[in-house]
Amino acid sequence: MSARAFRSFAKINLGLEVLGRLPSGYHELRTIFATLSLHDIVEIEETSRGISVRSDHPGVPDDETNIAWRAAAVMQKISGRKRGVRITLHKRIAPGGGLGGGSSNAATVLRALNLMWGHNLPMSRLAKAARTLGADVPYFLVGGPALGLGRGDQIQPLDLRLRERVLLVPGAAGVSTAAVFERYAEHRNQGPRKGRSPIEGFVQGRRAPSTLRNDLEAAAIAVNPALAATARQVRRVGRDQGAIQAAMSGSGSSFFLTFDRTAARDAAARVFTESGIESIACAFLSRRSFRERFEIKPEKR
């Protein structure tokens with residue numbers, strides 16, 4: 001059987017607030033997810049037995065520690081299917097960048113096998129499986145603008161029209177999410193911030209994107225001090241080129257800027273290039289586009 005190919009999209013967190021601790025010990029979050037046009041390609045081929053994963057990125061494991069491998073195992077267990085799968089990951093989303101690449105790959109495997117095997121499992125069943133894999137995985141079953149609560153795994157789709165142009169700036173090397181939360185806990189053990197939530201105000205249309213914050217940025221910089229220079233450069237270029245927002249995504253290490261004009265985004269990209277800094281031009285994806293662009297259909301000959 002020939003392989004089928006699927007797009008596995010990246011995300012950014014437009015804002016991320018740490019509210020406190022949950023009874024489980026995890027941090028309680030409030031965050032706004034947004035899907036980007038940047039994507040990996042996940043190829044899946046049915047085999048006689050077993051699960052195998054390979055990737056064209058040297059930092060991605062090819063064994064059962066790979067989250068895409070574990071997603072396939074979950075689908076085998078749910079379905080009782082005995083046949084195996086061969087998964088090939090063509091990586092464009094840098095690992096450890098706060099863009100959700102691994103989580104997106106896992107959700108893509110869940111969605112793809114549900115489609116390929118004709119199970120038609122409801123979203124509630126897939127979401128339950130996704131939560132066992134990672135906090136960001138449920139979001140990638142939904143896509144588009146969404147509010148994330150709890151660990152970030154309780155997803156509420158938002159009716160936001162995100163038309164801004166996006167410029168991604170990958171940080172200097174990846175950052176461990178666990179290490180960032182550990183550092184945050186060390187320095188913020190007095191409890192959550194007081195006052196009104198910028199995210200709530202933004203969702204209700206009362207506050208601008210520029211008011212959104214990422215409570216994990218200082219902790220990420222403490223874990224990886226090289227990110228401090230990137231953060232300064234991103235905000236300087238953002239001010240000079242009229243960015244709407246300049247912020248870090250997730251637990252790092254990637255930053256992003258948003259613009260209302262393509263020309264301004266392109267001018268910012270040129271400044272980064274002249275400084276020897278990589279940047280990637282992207283667009284926001286609606287929930288509809290997220291669904292419709294999922295499978296890559298073979299070209300007709």
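What you are looking at is a predicted structure, and each value in this text was computed from that prediction instead of being measured.
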>> Run the ring-ring contact (aromatic ring centres under 6.0 Å, His included) test against F259 and tell me which residues pass, sequence neighbours left out.
In response: none

According to a hydrophobic-cluster definition based on side-chain heavy atoms being under 4.5 Å apart (Ile, Leu, Val, Met, Phe, Trp, Tyr only), do [X] and [Y] belong together?
X	Y	result
F284	L38	yes
Y139	L14	no
L22	L16	no
I78	M123	yes
I67	F6	yes

>> Would you say that more than 12 heavy atoms from the other residues, nucleotides or ligands in this model lie under 6.0 Å from the CZ of R21, or not?
In response: yes

>> Is it true that, when you exclude R81 itself, more than 12 heavy atoms of the residues, nucleotides or ligands shown sit nearer than 6.0 Å to its CZ?
In response: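 Enclosed: over 12 neighbouring heavy atoms sit under 6.0 Å from CZ of R81.
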
Side chain proximity check, [X] to [Y], heavy atoms < 4.5 angstrom:
X	Y	value
H90	R92	no
I87	N66	no
F33	T31	yes
D40	L89	no
N114	R125	no
M75	L121	yes
F140	T35	no
L29	V18	yes

Could you tell me whether a side-chain N or O of [X] sits under 3.5 Å from a main-chain N or O of [Y], the two making a donor and an acceptor?
X	Y	value
S104	F9	yes
Q76	R83	yes
E17	I199	yes
S37	A283	yes
R287	P145	yes
D153	G134	no
R265	C282	yes
S249	N13	yes
S253	V175	no

> Would you call E200 and R196 a salt bridge, taking side-chain N to carboxylate O under 4.0 Å as the test?
Replying inline: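 Salt bridge between E200 and R196, a charged N being under 4.0 Å from a carboxylate O: no.
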
> Under 4.0 Å between a Lys/Arg side-chain N and an Asp/Glu carboxylate O for K91 and D56?
Replying inline: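 Looking at D56 together with K91, the answer is no, because their closest N to O distance does not fall below 4.0 Å.
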
Hey, could you give me the [atom1]/[atom2] distance between [X] and [Y], rounded to the nearest 0.5 Å?
X	Y	atom1	atom2	value
S279	F256	OG	CZ	15.0 Å
L36	S254	CG	OG	10.0 Å
I41	N105	CD1	CG	11.5 Å
E45	T47	CD	OG1	7.5 Å
I296	R7	CD1	CZ	4.5 Å
R70	D63	CZ	CG	10.5 Å

For [X] and [Y], which heavy atoms make the closest approach, and how far apart are they?
X	Y	value
L133	A106	CD1-CB, 4.3 Å
I221	A231	CD1-CB, 4.3 Å
F255	V234	CB-CG2, 3.8 Å
A219	R183	O-CG, 4.0 Å
L216	F181	CD1-CZ, 3.7 Å
W117	V85	CZ2-CG1, 3.7 Å

>> Assess the residue pair L115 and R4 against the criterion (side chain to side chain contact (heavy atoms under 4.5 Å, CB included)); give the C-alpha distance rounded to whole Å, side-chain angles, the decisive distance to 0.1 Å, and a yes or no.
In response: CA-CA 11 Å; L115 176 67; R4 292 169 68 173; 3.8 Å; yes

Side-chain polar contacts of residues 154-169 - donor-acceptor pairs under 3.5 angstrom, sequence neighbours left out - could you list them?
unit_1 : atom_1 : unit_2 : atom_2 : d
R165   : NE     : T262   : OG1    : 3.0
R165   : NH1    : D260   : O      : 3.0

>> Using the rule given for side chain to side chain contact (heavy atoms under 4.5 Å, CB included), can you reason through R30 versus L147, listing the C-alpha separation, both sets of side-chain angles and the distance that settles it, and then say yes or no?
In response: CA-CA 7 Å; R30 182 190 290 121; L147 181 67; 4.0 Å; yes

>> Show me the pairs that pass salt bridge (charged side-chain N to carboxylate O under 4.0 Å, His left out) and involve residues 226-246, at least two apart or across chains.
In response: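 Sorted pair list: E217-R235, R236-D240.
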
